[in-house]
Amino acid sequence: MRRTELAREVEWAVLDCSPRDVPRRLCRVLARGLPAEAVTMSLLTDTPSRQMLCASNQMATDLEEVQFTVQEGPCITAAETGEQVHLTDWDTGARQWPLFTVGFRERHPGVQAVHAFPLWFGDYILGAVDIATLTPGGLAADAIVQAASAVDAVAQALLPAQQLLLEHDEYPPWEPANVVRAHWADTHRAIGVVAVKEEMNTDDALALMRAQAFATGQTLAELTADILRT
């Protein structure tokens with residue numbers, strides 16, 4: 001794939017950037033450079049250790065929150081398959097990701113499309129980038145080319161941030177800080193609390209939390225906060 005101007009902007013944006021600041025800076029570059037209303041990115045997207053890196057605004061946070069809660073959606077499919085996912089028809093989306101479609105459309109009925117791109121580094125998928133737009137039919141073909149090239153550059157730029165995440169027990173100070181904390185340290189603490197209380201393993205505890213969140217209309221982050229308050 002040819003390098004685009006947006007990909008070059010991604011590379012320049014992190015030249016003088018510390019690993020802790022890389023995710024939010026990359027998110028801003030993508031949000032500014034693409035005809036989109038929301039941009040979010042995550043590492044280990046299709047695993048229980050999923051870590052949200054950044055969200056450009058509240059719509060992006062909701063896009064990440066819903067998928068994190070119900071464990072389905074475009075970015076999870078992109079991370080699982082290594083292929084781009086372009087959700088431009090919500091009827092089709094409802095058949096493939098019924099829980100995600102209901103949860104996200106309730107919050108943002110005006111969103112017309114969600115585009116998800118896997119973050120590849122060599123043969124390994126680091127995570128995924130989601131882009132939401134209010135434009136009917138979604139991003140145009142040239143914008144998708146720009147986005148795909150930029151996401152390839154993002155994958156390279158995120159390697160220091162991924163290493164920081166794997167080497168530190170404390171959650172990194174990425175934005176929005178309260179949501180990042182809920183997606184990492186707080187969620188894992190809550191899983192441990194539920195596992196002990198219900199006498200189950202951590203995988204089952206996480207599955208139980210996701211079911212409770214969906215049944216009550218909460219996000220997993222909101223349920224996490226409730227568990228840790230009790």
Side-chain angles (χ1 to χ4, degrees), residues 1-15 17-27 29-31 33-34 36 39-56 60 63-64 67-68 70-88 93 96-97 100 113-132 138-139 141-169 171-172 174 180 183-184 187-188 202-203 206:
M1 179 182 296
R2 65 181 178 86
R3 287 169 68 251
T4 62
E5 185 61 33
L6 184 56
R8 295 186 183 93
E9 288 185 31
V10 167
E11 294 166 357
W12 296 334
V14 298
L15 288 179
C17 191
S18 73
R20 290 180 181 273
D21 292 329
V22 164
R24 77 184 83 179
R25 187 171 293 191
L26 292 176
C27 210
V29 170
L30 292 181
L34 293 169
V39 176
T40 182
M41 61 181 68
S42 59
L43 291 178
L44 308 173
T45 309
D46 60 334
T47 74
S49 298
R50 178 192 184 118
Q51 169 64 66
M52 192 186 83
L53 294 177
C54 66
S56 62
L63 180 58
E64 178 69 21
Q67 293 182 93
F68 181 58
V70 302
Q71 196 58 16
E72 67 173 37
C75 78
I76 293 175
T77 298
E80 287 175 340
T81 65
E83 302 289 338
Q84 297 177 20
V85 176
H86 304 288
L87 170 56
T88 57
Q96 186 168 1
W97 310 291
F100 162 74
V114 175
H115 303 270
F117 300 84
L119 286 164
W120 280 99
F121 183 73
D123 295 330
Y124 178 61
I125 301 174
L126 296 176
V129 172
D130 269 352
I131 298 166
L139 298 179
D142 60 336
I144 290 175
V145 170
Q146 285 274 348
S149 177
V151 168
D152 285 346
V154 165
Q156 299 288 331
L158 280 176
L159 285 178
Q162 184 198 31
Q163 194 63 31
L164 183 72
L165 179 65
L166 295 175
E167 291 178 353
H168 291 74
D169 292 331
Y171 69 92
W174 296 326
V180 170
H183 277 235
W184 186 244
T187 297
H188 288 277
T202 55
D203 288 344
L206 178 57

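All values below come from the heavy atoms of this structure, side chains included, with hydrogens, waters and symmetry mates left out. Residue indices begin at 1 and follow the sequence shown.
- Side-chain contact between Ile76 and Phe100: absent, with no pair of heavy atoms (C-beta onward) separated by less than 4.5 Å.
- By the 4.5 Å heavy-atom criterion applied to side chains, Leu206 and Gln71 are not counted as neighbours.
- Scanning for side chain to side chain contact (heavy atoms under 4.5 Å, CB included) contacts around Ala153 gives Ala7, Val10, Glu11, with sequence neighbours left out.
- Taking the side chain as every heavy atom from C-beta outward, Met52 and Phe68 never approach each other to under 4.5 Å.
- Distance CD/Gln84 to OG1/Thr77: 13.5 Å, rounded to 0.5 Å.
- In terms of heavy-atom proximity, Gly33 sits nearest to Leu6 at CA-CD1, 3.9 Å.
- When atom types are taken as modelled, the side chain of Ser149 and the backbone of Val145 share no donor-acceptor pair closer than 3.5 angstrom.
- Residues Ile125 and Gly82 approach most closely at CD1-CA, 3.6 Å, considering heavy atoms.
- Counting only distance, with no hydrogens or angles, the side chain of Gln67 and the backbone of Cys75 share a donor-acceptor pair below 3.5 Å.
- Distance check: His115 NE2 to Leu87 CG gives 8.5 Å after rounding to the nearest 0.5 Å.
- When every heavy atom of Glu72 is checked against every heavy atom of Trp97, the shortest pair comes out as OE2-C, 2.8 Å.
- Shortest non-hydrogen contact noted between Ala13 and Val29 is CB-CG2, 3.6 Å.
- Using a 4.5 Å cut-off on side-chain heavy atoms (C-beta onward), His86 and Phe117 make contact.
- Here the side chain of Thr40 pairs a donor or acceptor atom with the backbone of Cys54 at under 3.5 angstrom.
- Proximity of a side-chain donor or acceptor of Trp120 to a complementary backbone N or O of Asp152 within less than 3.5 Å is not detected.
- The side chain to side chain contact (heavy atoms under 4.5 Å, CB included) search around Ala132 returns Ala38, Met59, Leu63, Val111, Val114, not counting sequence neighbours.
- Side chains of Ser42 and Glu64 form a contact here, defined as non-hydrogen atoms less than 4.5 Å apart.
- Residues Val14 and Ala157 share a closest heavy-atom pair of CG2-CB, 3.9 Å.
- Partners of Ser56 by side-chain hydrogen bond (donor to acceptor under 3.5 Å, both in side chains), not counting sequence neighbours: none found.
- For Val129, the side chain to side chain contact (heavy atoms under 4.5 Å, CB included) criterion is met by Leu30, Val39, Met41, Leu119, Ile131, Val151, not counting sequence neighbours.
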